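To keep things clear, I will list the structure first and then write my remarks on it.
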Amino acid sequence: MFDQIPQPNLYTWNTLIRAYSSSAEPIQSFMIFLQLAYNSPYFPNEFTFPFVIKAAARLVQFRVGQAIHGMVIKSSFEDDLFISNSLIHFYAICGDLAMAYCVFVMIGKKDVVSWNSMISGFVQGGFFEKAIELYREMEMENVKPDEVTMVAVLSACAKKRDLEFGRWVCSYIEKNGIKMDLTLSNAMLDMYVKCGSLEDAKSLFDKMEEKDIVSWTTMIDGYAKLGEFDAAMSVLAAVPIQQIATWNALISAYEQNGKPNEALSIFHELQLSKNVNPDEFTFVSVLSACAQLGAMDIGVQIHAKMKKQGIKLNCYLTTSLIDMYTKCGNLDKALEVFHTVKSRDVFVWSTMIAGFAMYGCGRDALDLFSRMQEAKVKPNAVTFTNVLCACSHSGLVDEGRMFFNQMEPVYGVVPGVKHYTCMVDMLGRAGLLDEAVEFIEKMPIVPGASVWGALLGACKIHENVELAEYACSHLLELEPENHGALVLLSNIYAKTGKWDNVSELRKHMRVSGLKKEPGCSSIEVNGEIHKFLAGESSHPLCKEIYSKLDEIVARLKSFGYVPNRSHLLQLVEEEDVQEQALNLHSERLAIAYGLISVEPSQPIRIVKNLRVCGDCHSVAKLISKLYNREILLRDRYRFHHFSGGNCSCMDYW
DNA sequence: CTAGGGTTAG
């Protein structure tokens with residue numbers, strides 16, 4: 001088409017570059033720009049550069065943008081305000097805020113756009129404090145903010161959850177007659193919602209004469225995150241034109257509030273409504289819901305639906321798919337996804353490493369970690385949590401120590417409480433209790449409850465009463481209501497004959513009505529989730545389940561199984577240690593139900609909210625042998641794959 | 001003919 005323009009002048013070239021820079025194919029701007037620069041009698045001018053820089057920003061092409069910046073300097077356009085403003089935006093988008101700021105300070109006469117670009121850059125880079133600081137500076141320089149400034153500042157307030165300053169900004173807007181356009185109203189709405197003031201949000205929302213998809217989505221998100229699902233649903237129902245983003249806000253809020261079943265049922269409703277199609281956001285949320293539930297059949301159906309709909313896998317989706325497959329007990333399928341995708345960011349790698357960690361495949365996890373570095377992907381804090389977790393579950397103590405020591409000096413990742421917890425867990429599990437204690441004492445940050453919890457867990461495994469008491473007292477200082485710690489402590493007192501302490505503790509627990517988080521196991525059969533609480537009898541097939549359990553026990557006993565109720569340190573109340581109670585553990589009910597209803601050729605997949613109990617672990621091993629079944633049990637920390645009388649954890653857990 | 005903004009995701 002361009003070839004047919006008889007005598008293109010520079011204006012024509014610029015128009016074309018501009019058109020492409022805001023089109024779906026900004027890359028074409030580069031093509032035209034190169035032709036202009038090398039195959040035409042013209043030189044790019046002050047109008048040309050902002051457009052190509054915009055294209056570079058939209059494509060997040062850091063190197064290209066840098067090269068263009070070089071050309072700007074060479075052709076002596078570096079003092080052009082428009083070009084500088086474009087460059088600020090470009091560098092900010094690419095995450096190089098230092099360079100953006102560098103361009104910013106070099107501008108002699110900054111206009112409102114310069115300030116806005118820099119403030120927005122800081123907000124989008126997560127430097128909210130810096131953004132607000134710069135806004136103050138702007139005020140001092142007597143540059144009048146406009147509605148774009150206010151959007152950025154409100155966004156910073158929203159992310160900082162600073163309602164007080166947010167309110168001040170709103171009144172400033174009113175007093176100074178700043179134009180309230182739709183975007184600014186939406187930014188205000190979001191600030192109120194994020195800062196938890198739904199009343200303010202609601203009254204603004206009702207006053208807004210123009211609303212769009214962002215307004216509706218923001219309100220739905222606000223209600224849903226507060227758990228006011230009815231209110232959220234009624235906003236959703238009132239949206240004039242159905243759009244997927246509003247559904248997504250609702251689905252993701254359910255999924256992130258520990259209500260994965262509800263998230264899936266909204267998804268089901270969405271499919272029935274047929275007005276709109278799920279998109280990438282939807283799939284990420286519903287896959288996460290499946291991962292939480294261990295609902296593999298549903299997850300597989302969703303994966304199939306994605307393929308059918310022609311959804312391209314981005315890194316978010318890849319991560320969610322891998323997470324779903326690993327958490328549902330299908331490591332092979334997760335690996336297949338991992339190997340077939342073409343781009344892998346730090347989250348994709350980290351999730352795959354976490355998958356290996358969960359299965360106790362420490363070596364594979366570490367292999368993947370080194371391949372990740374060969375691929376030049378920089379590990380982050382999450383990666384290290386997963387790597388250390390892998391070392392811990394596989395007993396790779398030397399490797400764990402090494403990676404921990406390399407974190408800050410080699411990778412620039414400052415160890416956080418999670419990493420210290422992993423280390424204590426790893427050392428403790430391996431029986432290096434003294435080293436674990438020493439490690440805690442040398443921690444540069446205050447050991448959190450999780451650190452003491454990890455030490456306590458190790459004391460339980462290695463039956464160290466004295467150290468357990470020490471860990472317990474620290475844990476209870478931080479979490480006086482930690483039920484597990486209290487029960488354990490009372491058992492320690494009982495063992496050591498401190499009966500006064502025992503009765504005092506028990507009384508405290510009775511009075512404050514502290515309850516153990518109930519054990520709950522779920523199993524998916526034909527796309528339906530069946531939940532079992534310990535000792536419960538509400539399942540429709542309850543009778544069959546209990547007679548199956550009796551049969552299992554009889555068969556196991558004839559095989560020489562003796563229930564184990566003699567741990568020195570038990571985490572359960574005395575009454576629960578009865579054999580009867582052991583038999584009613586939620587994971588057992590789920591296994592019995594699985595034996596009844598899952599095809600013998602299929603593995604039985606179970607998800608438990610707590611750690612699997614030691615006796616149930618032995619029982620599951622025996623069942624896998626005597627009934628010739630594969631059982632995949634995911635507990636709070638890892639996977640147990642029972643097969644032929646053994647468990648993949650090699651009894652190291 | 002030029003630059004900057006708000007919602008839903010791991």
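From a predicted model like this one, the values you see are computed outputs, not experimental measurements.
Among the heavy atoms of the strands, none lies under 4.0 Å from A/Gln243. Nucleic acid contact for A/Asn314: base, since at least one base atom lies under 4.0 Å from a heavy atom of the residue. Within the 4.0 angstrom heavy-atom criterion, only backbone atoms of the sugar-phosphate kind lie near A/Ser117; the bases stay farther away. Among the heavy atoms of the strands lying under 4.0 Å from A/Asn14 is at least one base atom, whether or not backbone atoms are also near.
Taking the six-membered ring where the residue is Trp, A/Phe62 and A/Phe90 present parallel rings, their angle staying beneath 30° rather than reaching 60°.
Taking a 4.0 Å limit (strictly below) on heavy-atom distances, residues 140-154 of chain A reaches DNA chain B at A/Asp146, A/Glu147, A/Val148, A/Val151. A heavy-atom distance below 4.0 Å to DNA chain B is reached by these residues of residues 66-94 of chain A, ordered by number: A/Phe82, A/Asn85, A/Ser86, A/His89. For the segment residues 203-221 of chain A, the set of residues with a heavy atom within less than 4.0 Å of an atom of DNA chain B comprises A/Asp212, A/Val214, A/Thr217, A/Thr218, in numerical order.
Atom CD1 of A/Ile311 is separated from atom P of B/dA9 by 16 Å (rounded to the nearest Å).
Residue pairs satisfying the salt bridge (charged side-chain N to carboxylate O under 4.0 Å, His left out) criterion with at least one member in residues 193-204 of chain A, sequence neighbours excluded, are listed as follows: A/Arg167-A/Asp200, A/Asp190-A/Lys194, A/Lys202-A/Asp206. Among pairs with a residue in residues 169-186 of chain A, none fulfils salt bridge (charged side-chain N to carboxylate O under 4.0 Å, His left out), at least two apart in sequence or across chains. Every pair passing ring pair (Phe, Tyr, Trp, His ring centres under 6.0 Å) that includes a residue from residues 249-274 of chain A is listed here, sequence neighbours excluded: A/Phe229-A/Tyr254.
For A/Gln256 and B/dG10, the shortest distance from a side-chain N or O to OP1 or OP2 is below 4.0 Å.
The side-chain tip of A/Lys160 does not point at the ring of A/Phe165 from less than 6.0 angstrom away and within 45° of straight on.
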